[in-house]
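In what follows, every chain begins at residue 1, and chains take the letters A, B, ... in the order their sequences are listed.
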Amino acid sequence: MNFVEELRWRGMLHDIMPGTEDILNKGMVSGYIGFDPTADSLHVGSLAQIMSLIHFQRAGHKPFALIGGATGMVGDPSGKSAERNLLSEDTLQHNLQGIKSQLERFLDFDSGANSAQMVNNYDWFKDFTFLNFIRDVGKHITVNYMMAKDSVKNRINGDTGMSFTEFTYQLVQGYDFYYLWKNHNCVLQMGGSDQWGNIVTGTELIRRKDAGEAYALTTQLIKKADGTKFGKTEGGNIWLDAEKTSPYKFYQFWLNTSDEDAKSYIRIFTLFEKEIIESLEAEQDAAPHTRVLQKALAKDITIRVHGEAEYEKAIKSSEFLFGNIGIEFLNELNDAEVLGLFEGVPNFTIKLSDLQAGLNVVDLLASHTAVFPSKGEAKKMIQGGGTAINKVKIASADDSYSVDALINGKYLVAQKGKKNYFLIIAE
RNA sequence: GGGGGGAUACCAGAGCGGUCAAAUGGGACGGACUGUAAAUCCGUUGCUUCGGCUACGAAGGUUCGAAUCCUUCUCCCCCCA
């Protein structure tokens, strides 16, 4: 199956420039996607773009991942209502390294002719002087053209205004495309649908400057059925970096996908064939409570991002925390096993002596540990019936716990709401 | 440069000098129902040693008493030049 068809049946395709499909069918093509170095890790939002590149490479084409070392210093106004903060050069360097190592896990950088390649636009912008830029690039694009872009129009008509720096952004990104086209024979730029305007500025620049042909393809922005933002939870962004989002949390994020979203996500975020997906869906429809789609989705992505071993651990933790296994189960484990089970679950250490005389729950959860930010909140939540210790709901804010409650003479499992677990270790 | 309007909790947005820790909506969090889903319904949404304490852009002032009145400052928006 060719690349465009692949994206199409997966529901990923948003917009494609005429002629793009033809050139892709003629043979190997180089194409790229840009990644923003605003953090030292990619998050699940970037994952859709990574998937596009993976499909691109699987279809026999050569993918380039462009890291925006230069553009990150400017800030893309697309979809932003306010001026963006600029990054310092140091953070930028640090972020570049992090992103680079993550991308290496997804793309094949050693597959002969269509090996993936990573480029950083800082390399060609760092010595590009302002005067040269406005002569060689600015001259070819009219301000009228630039102002017609939605990203610019929205800001000019809005009341926040827009700096010259951000206004220039599309030219800078446009030049990236030109540079890759010129030096790497890169004829296609891909990106999220919000990137259409920026990409087209690139093809326009290539046409006007060198009378060259270049193409554009954008993918659907990931949406949730309820209209809220994809990739965010109470705890913030879901990152690919295990340090920022534990594999357990990562797995849980995907497992908690709603039924409706799971059907589109499994097409977008996994490489499963059409038949497999359809049979999974049939299975899900027949027995929705089994959530086969969510499980398959969560498994596949977790393994791809964190590896098999981390997935196994995440499964074990999940089964224990959400399954029917009683808390007594912990008694059968040694310390290393307990800690392994709770890897990715926030943990706190308290003094064993503090429990000796019995410790009030509110003090335990708000003062001695940071399960709750304040005692008031702890009390309210306990009254609301949302808190449990060792899987038993706390009946009253006046309750106390002593060493008798410790599991294995050492552990307490606190629960805030149904899904938030905390391990308290008494030493 | 001139004139006008505004700043209230996560956001939006009410708020006769006392009865205001501050209406209402959204969000967020929690509960019930389920399937760790969606929808729905319910509750919570400043801190506390439960006596109080700190809060309505900032600093002063008037007053027994200020989110509310006065002064200065900071920032934002609108109109004119």
Side-chain angles (χ1 to χ4, degrees), chain A residues 81-83 155-163 223-238 245-266 269 280-281 283-299 301-302 311 314-325 327 341-342 344-346 359-368 370-389 391-398 400 413-422:
Chain A
S81 54
E83 180 85 13
R155 287 280 288 278
I156 288 180
N157 296 336
D159 43 75
T160 37
M162 175 183 222
S163 68
K223 290 190 284 278
K224 290 210 297 192
D226 61 8
T228 56
K229 215 169 176 182
F230 167 76
K232 292 251 164 80
T233 61
E234 322 85 76
N237 263 326
I238 299 293
T245 301
S246 68
Y248 160 75
K249 272 231 164 109
F250 187 83
Y251 176 80
Q252 283 290 323
F253 168 76
W254 294 103
L255 193 69
N256 276 302
T257 307
S258 71
D259 289 8
E260 208 171 330
D261 290 331
K263 290 185 180 180
S264 72
Y265 291 178
I266 198 152
F269 295 108
L280 283 172
E281 276 175 353
E283 212 179 313
Q284 172 100 324
D285 288 340
H289 61 279
T290 55
R291 290 182 299 144
V292 279
L293 279 179
Q294 281 93 334
K295 283 178 185 160
L297 174 73
K299 176 180 178 180
I301 308 180
T302 306
Y311 161 73
I315 281 281
K316 280 218 184 86
S317 305
S318 298
E319 274 171 1
F320 169 68
L321 295 173
F322 293 101
N324 295 321
I325 312 168
I327 197 87
L341 206 56
F342 283 91
V345 171
L359 185 59
N360 172 267
V361 247
V362 175
D363 289 325
L364 173 68
L365 299 178
S367 315
H368 293 259
V371 172
F372 289 100
S374 74
K375 291 190 182 180
E377 190 162 336
K379 275 185 195 163
K380 279 176 206 149
M381 197 75 94
I382 289 169
Q383 274 155 18
T387 323
I389 292 225
K391 289 202 168 187
V392 179
K393 275 202 175 149
I394 300 170
S396 146
D398 297 327
S400 315
V413 177
Q415 223 174 323
K416 176 165 84 176
K418 229 179 294 188
K419 298 178 191 172
N420 304 302
Y421 282 87
F422 302 86

Trainee: By nearest atom, which of the nucleotides B:G35, B:G30, B:C47 is closest to the A:S374 side chain?
Mentor: B:C47
Trainee: As a test of understanding, state which of A:Y248, A:F269, A:Y311 forms a ring pair (Phe, Tyr, Trp, His ring centres under 6.0 Å) with A:W254.
Mentor: A:F269
Trainee: Nearest-Å distance, CG (A:D285) to P (B:G35)?
Mentor: 17 Å
Trainee: Using a heavy-atom cut-off of under 4.0 Å over every strand shown, decide if A:S318 touches base, sugar-phosphate, or nothing.
Mentor: base
Trainee: Tell me: CG of A:D261 to P of B:A39, nearest whole Å?
Mentor: 10 Å
Trainee: Go ahead and name the base partner of B:U71; Watson-Crick or wobble counts if both distances stay under 3.5 Å, otherwise write none.
Mentor: B:A59
Trainee: Between the side-chain atoms of A:K418 and the base atoms of B:U34, is any donor-acceptor pair under 3.5 Å?
Mentor: yes
Trainee: Please give, in whole Å, the distance from B:C50 P to A:D398 CG?
Mentor: 12 Å
Trainee: Measure the distance from CD1 on A:I315 to P on B:U36 and round it to the nearest whole Å.
Mentor: 14 Å
Trainee: At 4.0 Å (heavy atoms only), tell me whether A:Q252 reaches a base, stays on the sugar-phosphate, or touches nothing.
Mentor: base
Trainee: Considering non-hydrogen atoms only, spot the tightest contact between A:R291 and A:Q284 and give its length.
Mentor: CA-OE1, 3.0 Å
Trainee: Just how far, in rounded Å, is C1' of B:U36 from NZ of A:K316?
Mentor: 20 Å
Trainee: Write down the distance between CG (A:N360) and P (B:C50), rounded to a whole number of angstrom.
Mentor: 12 Å
Trainee: Please determine whether a side-chain nitrogen or oxygen atom of A:K393 lies at a distance below 4.0 Å from atom OP1 or OP2 of B:A32.
Mentor: yes
Trainee: OP1 or OP2 of B:G30 sitting under 4.0 Å from any side-chain N/O of A:N420?
Mentor: yes
Trainee: Between A:E260 (CD) and B:A37 (C1'), how many Å, whole number?
Mentor: 10 Å
Trainee: I'd like to know if A:E377 reaches the base of B:U45 with its side chain, counting only an N/O donor and acceptor under 3.5 Å.
Mentor: no
Trainee: Counting only side-chain nitrogens and oxygens, does A:K295 get under 4.0 Å of the OP1 or OP2 atom of B:U36?
Mentor: no
Trainee: At less than 4.0 Å, is any side-chain N or O atom of A:K419 found next to OP1 or OP2 of B:A37? Yes or no.
Mentor: yes
Trainee: Side chain of A:H289, heavy atoms from C-beta onward: which of B:U49, B:G35, B:G30 has the nearest atom to it?
Mentor: B:G35
Trainee: At under 4.0 Å between heavy atoms, what does A:K380 touch on the DNA or RNA strands: base, sugar-phosphate, or nothing?
Mentor: sugar-phosphate
Trainee: For a quick test of reading the model, state the closest non-hydrogen atom pair linking A:F253 to A:I238 and the distance between them.
Mentor: CD1-CG1, 3.5 Å
